[in-house]
Amino acid sequence: MTATSCDQVDADFANLPYVGQLRSATALSRRLGFAVRPVRIRIKPGRSVIVAWRRKEAGRLGAFADWGFTAVMTSPDKLANAQRRAARNGQELTVHEAADPRAAGATGAVLISGGVLADPRIGKHIVRALDHLGGDIEIIGYNPARRLLLKHTPIDGPPEFVRIGAGSQRHLAEAADRWQRAQLPSLPVEFIGRRQTATRSPWWGTGDLCELPDPSVAEEVGMIVAELHRAEPEPVNERVTDDPIDQAEDTVRTLARLVPERGPDLDELRVGLRRRLQGQVDAGGPGAGGNGVPSDGHSGEWELREIHGDLSPDQVLVCHSEWRIVDLDRSAIGPIGMDLGRWVAACRRHPGLHDLEHPFLYGYRSAGGTDVDLGAWTAWALVVAGLEPWRSCSKTWQAETMRIIDAARSALGDGSMGDVARPIGADALAADARVAHAGGEPT
């Protein structure tokens, strides 16, 4: 796909101007006047879009000068509010351009930029958290208007991981407390300040399981996840996952707008997932009032249990022979298949993680984990991750997305746990052929 056609896809998908510029390092750098790399984009079609960026070369003014955001706003009220909030934090917003023929402050789209502290939703929470932090600070992740992740090294103490969100992080602290009381291998979480929007945890380990893949650790993780799934949920945990069928169908509709040439395949996935997963709901899933035994014989996978919610090898920190499962932000009550599908999908998406799939499943099964329709849940997890290449501003997002779609179709042909894995790399040739046919370049 050429740069021009990619820009048109972005514009059509977002129904907003400038979006192609926000996802392009070259165009965005030209706007800002210094070299940056876009790292994460969030969009509300026809209303707003915001992208986080990072300088390609670190400056001398510290971490907060090296990260920022650029956004398109269409509401004059939201623009005015963003400017006022930035000013309260001692920041300024740069207005680059208003889409012709409408003027800034009227009803047209306005392109603006600012630093992390000027973020329209989390800027004030960052400023408040910084009042409680001293020493060195390094930004390690930024999801605009959503969260900021820091490595904080106090003047007189060991380093710690700091998470600052747009809303209360109470659910994260409560999940960490439940895991600690259940003696599950995780890390404690404490609030910073009184507003519960910022938390701290020990900075632990030498890397994660993506960086340091170890099949023996993956097997042990599977055993712990089985233990988590066996336990009756605590009444205090009132968070319930969104309906997975709705999640998949919403994502399929969005993907069909990004890669319309894959419409028939996406529709096939939508129908197949609804059939496989809805059958389980009817047999005892959320709201069905049944016994949790789906009609295809996979017992118990729609029983509501506490799940990690975002389980993957990059959520497992390792340090020599020890390890910890972290990032419990999505911990909730939900179907156990979501955890298993996400783990397997992550292993199939990344070539270096293929060897972590079967040890994890072996550990889960050996510890008494419930058998599930792994093919359906893996396909589900791949589908809901299908927008990640576009959201992460990858230059090769189209080829990556097509590979994910092909992998999801393959996974849907699988059955229960123990079936032969179909790594995503096995679908690469088919995806590249589709991209080439569409006029682009295979990876």
Under a 4.5 Å cut-off applied to non-hydrogen side-chain atoms, are T70 and R31 in contact?
no
Using a strict threshold of under 4.0 Å (side-chain N to carboxylate O), is an ion pair present between R262 and D265?
yes
Tell me whether D66 is salt-bridged to R54, with the criterion being a basic N under 4.0 Å from an acidic carboxylate O.
no
Answer yes or no: is there an ion pair linking R239 with E174, defined by an N-O contact shorter than 4.0 Å?
no
Might you confirm whether atom CG of N143 has over 12 heavy atoms from other residues, nucleotides or ligands at distances under 6.0 Å?
yes
Between R200 and E190, does at least one N-O distance fall below 4.0 Å, as a salt bridge requires?
no
The side-chain hydrogen bond (donor to acceptor under 3.5 Å, both in side chains) partners of D267 (sequence neighbours excluded) come to R270
All side chain to side chain contact (heavy atoms under 4.5 Å, CB included) counterparts of R47, not counting sequence neighbours:
K44, K78
May I ask you to decide if the ring planes of Y364 and F360 are parallel, tilted or perpendicular, using 30° and 60° as cut-offs?
parallel
Ion pair check, R349 and E388, cut-off under 4.0 Å
no
Would R55 and F34 count as a cation-pi pair here, with the cationic atom under 6.0 angstrom from the ring centre and within 45° of the axis?
yes
Heavy atoms from other residues, nucleotides or ligands near CD of E211 exceed 12 (cutoff 6.0 Å)
yes
Any donor-acceptor N or O pair under 3.5 Å, side chains E400, S394
yes
